[in-house]
Each structure stands twice: as structure tokens, then as C-alpha cells.
Amino acid sequence: MAVIHRTTLTPTKLELLATWLPKQPWYRATGQQPEPARTGGFRLDDPAGEVGIEFMVVTDTSGAEPVTYQVPFSYRGTPLAGADEALIGTMEHGVLGQRWVYDGAHDPVVVAQLFALVAGEAEPQMQSTSHTPDPSVTARLDAPGITAELAAFATTDAPDGTAVLVTTAPDGRQLALHLNRVLQPGRNANGQALGHITAPAPLPDGTPAPTEFVVVHAHP
């Protein structure tokens, strides 16, 4: 179960994001330095207990209108080989020491657990409370016979979000997971989707509403 340490982070997650967000193809540029604030999210557990997994919701208020983003983080004690382009930054954790922080959409541990959540084989955890499931996060997948075992994945970032093509084992079936980076609270998955993950994100007045984080489609 996810363990949350009450300690210092240098730099903070939001400080890392203020530098990283403008470099992403899906970021809505404002012409100003981003001013991200945490407004929601949840965690998943790494079965091996090595990688921290957090899906953070942040709202950028640097523009004329606030924009809310989804950023999946992975926290590692050593660098992830071959993932330099997905590195958000490094931080010093008051308990765990130096941590390498990655965009989780490119981290195999995060993708495996995200797919397990879609398939109903992982349980979402509260973002800021240890050992506590988060019932506000729900997942659905209408694809009989799919197991959560992941054989391979490929991630592509684009202006409309992030596409993760997953290949399952042992049958080699493929599904396309679309991560909505810009969150639109209250939006529901369309009828052609095989499934989705929903979690609360803030409405313009700050109150939370169920929101699509991930939409699942069959790969052509």
C-alpha cells in the first residue's frame, strides 16, 4: 500500500512542473511562467515497492482562464535507463534521499499499473493518506478476456494528449489508452470507447467533478 512521507522536497513537485510544463506539446501556453497549484489526484502501488506512482492534477492560473492538467509522476531511487527525455527533474527527499522524477506515461512500472487499474486488477489509493483506497477513482473496461499482464507499450505525446499503445500478454492483443492531459471536468467517455478511468478534477468554481483521465479504445 502507498506510504506517504511527511517531509521536505527540494525542489518541490510544483517547482519542477513550472519548468517542465511549457516544454510539453499539450501545454496551453499563456506567455507567462506557469503557476501550477495542486488541485487533486490519486496514487497507485508498485507491487515491487520500488517506484512511487502519483497521478497529480494541477491547475495553472498564469493565463486569462485557469487550465487543469493531469501529470502522472514516477519517483525512482535511481535513473530509469533510456528515459532521459521523460525526466521531469530530480529532487532531494527528506527521508528517501535523491529521487528521479519522470513523466509516468513513459515509465513501464506506471504504465503496467495504469493498465492494471483499467482492467480492474489494481486499486487506486488516496493521494495524501497512507494505506487508504480512494473510492472516488473508478475504472471500466468492456473487453472480455483481457488480462492486466503487459508485454510491451509505446507512448506518443501530441497536442491533444498522450497516447499509450499497450500490448497484452500472452495473447498479444492491443489497446490504445489516451491520457487526457488537459482535463475537462464532467466530460464522459463517448459510446465508442471500450472503457475509461474517471477521477475528480476541479470545476471553474473549485468544486470537484468526475472527469475522464484515461479513455480506452481498441487498436485498429
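Basis for what follows: all heavy atoms, side chains included, without hydrogens, waters or symmetry-related copies.
Put simply, the side chain of R99 does not reach to within 4.5 Å of the side chain of F73, judged on heavy atoms. F55 places a side-chain heavy atom less than 4.5 Å from the side chain of Q70. Side-chain contact between L117 and L44: present, with at least one pair of heavy atoms (C-beta onward) separated by less than 4.5 Å. Between P202 and T68, the closest side-chain pair of non-hydrogen atoms falls below 4.5 Å. Counting only heavy atoms from C-beta outward, the side chains of T30 and R28 never approach each other to under 4.5 Å. No side-chain heavy atom of E212 sits under 4.5 Å from any side-chain heavy atom of I197. Looking only at side-chain heavy atoms (C-beta outward), P124 and P133 stay at 4.5 Å or farther from each other. Between T90 and V101, every side-chain heavy-atom pair lies at or beyond the 4.5 Å cut-off.
When each of V67, V182, L21 is paired with Y27, the side-chain contact (heavy atoms from CB on, under 4.5 Å) condition holds for L21 and for no other.
Panel note: side chain Q127, backbone G40; a donor-acceptor pair is recorded below 3.5 Å. Without hydrogens or angle criteria, T12 side chain to E15 main chain gives a donor-acceptor distance under 3.5 Å. Listed for the S136 side chain is no donor-acceptor partner under 3.5 Å among the backbone atoms of P200. Looking only at distances, no side-chain donor or acceptor of D45 sits under 3.5 Å from a matching main-chain atom of P47. No side-chain donor-acceptor contact under 3.5 Å links T39 to the backbone of A201.
In terms of heavy-atom proximity, K13 sits nearest to R43 at NZ-NH2, 3.5 Å. For P11 against L16, the heavy-atom pair with the smallest separation is CG-CD2, 3.6 Å. Residues A199 and V137 come closest through the heavy atom pair CB-CG2, 3.9 Å. The nearest pair of heavy atoms linking P22 to T19 is CD-O, 3.5 Å. Of all heavy-atom pairs between A18 and Q33, the closest is O-NE2, 3.3 Å. Taking both residues in full, the closest heavy atoms of L175 and F115 are given as CD1-CE1, 3.7 Å, listed atom of the first, atom of the second, then distance.
Expressed to the nearest 0.5 Å, how far CG of L177 lies from NE2 of H219 amounts to 12.5 Å. For the atom pair CG of L179 and CH2 of W26, the computed distance is 10.0 Å after rounding to the nearest 0.5 Å. Considering OG1 of T155 and NE2 of H106, their distance stands at 5.5 Å, rounded to 0.5 Å. Distance CZ/R76 to CG/L87: 11.5 Å, rounded to 0.5 Å. Between the CD1 atom in I88 and the CH2 atom in W100 there is a gap of 15.0 Å [rounded to 0.5 Å]. Interatomic distance, OG1 of T211 versus NE2 of H196, reported as 11.5 Å (0.5 Å rounding).
Remark: D157 engages R181 in a salt bridge, criterion side-chain N to carboxylate O under 4.0 Å. Here D142 pairs with R140 in a salt bridge; the nearest charged N to carboxylate O distance falls below 4.0 Å.
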**Request:** May I have the step-by-step check of side chain to side chain contact (heavy atoms under 4.5 Å, CB included) for M56 and L17, ending in yes or no?
**Result:** CA-CA 11 Å; M56 182 181 284; L17 285 178; 4.2 Å; yes
**Request:** Tell me, with the steps shown, if W20 and D103 meet side chain to side chain contact (heavy atoms under 4.5 Å, CB included).
**Result:** CA-CA 10 Å; W20 180 79; D103 178 4; 3.8 Å; yes
**Message:** Would H178 and D160 count as a side chain to side chain contact (heavy atoms under 4.5 Å, CB included) here? Give the steps.
**Reply:** CA-CA 9 Å; H178 183 85; D160 67 340; 3.9 Å; yes
**Request:** Apply side chain to side chain contact (heavy atoms under 4.5 Å, CB included) to R38 and S128, showing your working.
**Result:** CA-CA 12 Å; R38 190 176 75 171; S128 301; 3.3 Å; yes
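Residues I146 and L194 fall within the same hydrophobic cluster, defined by Ile, Leu, Val, Met, Phe, Trp and Tyr side chains chained together at heavy-atom separations under 4.5 Å. F153 and L80 sit in two unconnected hydrophobic clusters of ILVMFWY residues. Membership requires side-chain heavy atoms under 4.5 Å apart, directly or through other members. Under the 4.5 Å side-chain heavy-atom criterion for Ile, Leu, Val, Met, Phe, Trp and Tyr, M91 and Y102 are members of distinct hydrophobic clusters.
For D171, the side-chain hydrogen bond (donor to acceptor under 3.5 Å, both in side chains) criterion is met by T168, not counting sequence neighbours. Residues passing the side-chain hydrogen bond (donor to acceptor under 3.5 Å, both in side chains) test with D46: none are found, sequence neighbours excluded.
Classified by interplanar angle (parallel below 30°, tilted 30° to 60°, perpendicular above 60°), the ring pair F213/F42 is tilted.
With hydrogens and angles left out, the side-chain atoms of T167 and Q174 include a donor and acceptor closer than 3.5 Å.
Crowding of R173 atom CZ: a count of heavy atoms from other residues, nucleotides or ligands under 6.0 Å exceeding 12.
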